[in-house]
*Asks:* 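Before we start, here is the structure in question, set down as structure tokens.
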Amino acid sequence: MILGIGTDLANIERIARTLERFGDRFRNRVFTPVEQAKAERRADVAGTYAKRWAAKEACSKALGTGLRMGIAWRDMAVSNLETGQPVMQVTGWAAARLAEMTPPGHAAIIHVTLTDDHPWAQAFVVIEAHPIAAPPA
């Protein structure tokens with residue numbers, strides 16, 4: 001079953017200006033060390049940050065809160081599988097909110113997809129609940 005859906009559109013040029021203006025203060029407030037390492041080694045640094053910004057916004061919407069109620073930017077983090085597929089991990093308040101909205105006997109899975117077409121970066125997040133299989137009798 002679908003527990004939540006969120007999307008966000010971020011302007012890459014706006015993120016680039018924010019990076020120029022605030023630098024590490026912005027990076028460290030919003031992005032985890034893993035996200036920063038990924039972005040800083042990419043050719044399109046601002047685009048990589050913008051996609052992760054959009055993913056965090058989309059995830060907060062899928063959690064049904066937006067960026068309020070105690071959720072922190074770094075409670076939501078995007079990394080990539082070896083295949084390149086993005087994955088979202090939640091910690092802190094975001095993880096608590098996910099647990100609260102997941103029905104008993106189910107496990108939550110967060111699906112995320114990212115795209116960009118300069119000057120836009122976009123993310124979609126779908127939170128799905130799967131029944132936990134009962135052990136064989």
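Atoms considered below: every heavy atom in the structure, side chains included; atoms not considered: hydrogens, waters and symmetry mates.
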*Asks:* Under the criterion side chain to side chain donor-acceptor pair (under 3.5 Å), which of D44, D116, T115 is the partner of K51?
*Replies:* D116
*Asks:* Is there a side-chain contact between W53 and F26, using heavy atoms and a 4.5 Å cut-off?
*Replies:* yes
*Asks:* Are W120 and I12 close enough that some pair of their side-chain heavy atoms sits under 4.5 Å apart?
*Replies:* no
*Asks:* Enter the distance from C59:SG to M88:CE here, rounded to the nearest 0.5 Å.
*Replies:* 4.5 Å
*Asks:* For a quick test of reading the model, state the closest non-hydrogen atom pair linking A46 to I15 and the distance between them.
*Replies:* O-CG2, 3.9 Å
*Asks:* For V125 and A55, work out which heavy atoms get closest and say how close.
*Replies:* CG2-O, 3.9 Å
*Asks:* To the nearest 0.5 Å, what is the distance between CG on D75 and OG on S60?
*Replies:* 11.0 Å
*Asks:* Test of understanding: with side-chain hydrogen bond (donor to acceptor under 3.5 Å, both in side chains), list the residues that count as partners of N28, not counting sequence neighbours.
*Replies:* Q36
*Asks:* Just how far is it from atom CD of Q85 to atom CG of L114, taken to the nearest 0.5 Å?
*Replies:* 10.5 Å
*Asks:* Less than 4.5 Å apart, any side-chain heavy atom of E57 and any of W73?
*Replies:* yes
*Asks:* Looking at every non-hydrogen atom in both residues, tell me the closest pair between A121 and A54 and how far apart they are.
*Replies:* O-CB, 4.2 Å
*Asks:* Would you call the rings of F31 and Y49 parallel, tilted or perpendicular, taking 30° and 60° as the class edges?
*Replies:* tilted
*Asks:* Hey, is the main chain of T7 close enough, under 3.5 Å, to the side chain of K61 for a donor-acceptor pair?
*Replies:* yes
*Asks:* What pairs with D117 under salt bridge (Lys or Arg N to Asp or Glu O under 4.0 Å), at least two apart in sequence or on another chain?
*Replies:* none
*Asks:* Considering non-hydrogen atoms only, spot the tightest contact between A39 and V45 and give its length.
*Replies:* O-CG2, 3.4 Å
*Asks:* Can you name the residues that form a side-chain hydrogen bond (donor to acceptor under 3.5 Å, both in side chains) with T113, not counting sequence neighbours?
*Replies:* none
*Asks:* Measure across V112 and P86 and return the closest heavy-atom pair with its distance rounded to 0.1 Å.
*Replies:* CG1-O, 3.4 Å
*Asks:* Examine W93 and V90 and state if one hydrophobic cluster contains both, with Ile, Leu, Val, Met, Phe, Trp and Tyr joined whenever side-chain heavy atoms are less than 4.5 Å apart.
*Replies:* yes
*Asks:* Considering only Ile, Leu, Val, Met, Phe, Trp and Tyr, and joining two whenever side-chain heavy atoms are under 4.5 Å apart, list the other residues clustered with V87.
*Replies:* L81
*Asks:* Measure from the side-chain N and O atoms of E128 to the backbone N and O of I109, and report whether any donor-acceptor pair falls under 3.5 Å.
*Replies:* no
*Asks:* Show the atom names and distances, to 0.1 Å, of all donor-acceptor pairs under 3.5 Å that link a side chain in residues 99-108 to residues at least two apart or in another chain.
*Replies:*
unit_1 : atom_1 : unit_2 : atom_2 : d
E100   : OE2    : R97    : NH1    : 2.7
T102   : OG1    : L98    : O      : 2.6
H106   : ND1    : P104   : O      : 3.1

*Asks:* Do M1 and L63 share a hydrophobic cluster, counting only Ile, Leu, Val, Met, Phe, Trp and Tyr and linking them when any side-chain heavy atoms are less than 4.5 Å apart?
*Replies:* yes
*Asks:* Quick one: list whatever passes salt bridge (Lys or Arg N to Asp or Glu O under 4.0 Å) with E40, sequence neighbours left out.
*Replies:* R27
*Asks:* Pick one: which of R52, R41, K56, R74 meets salt bridge (charged side-chain N to carboxylate O under 4.0 Å, His left out) with E35?
*Replies:* K56
*Asks:* What is the distance from atom CD1 of I5 to atom NE2 of H111, rounded to the nearest 0.5 Å?
*Replies:* 11.0 Å
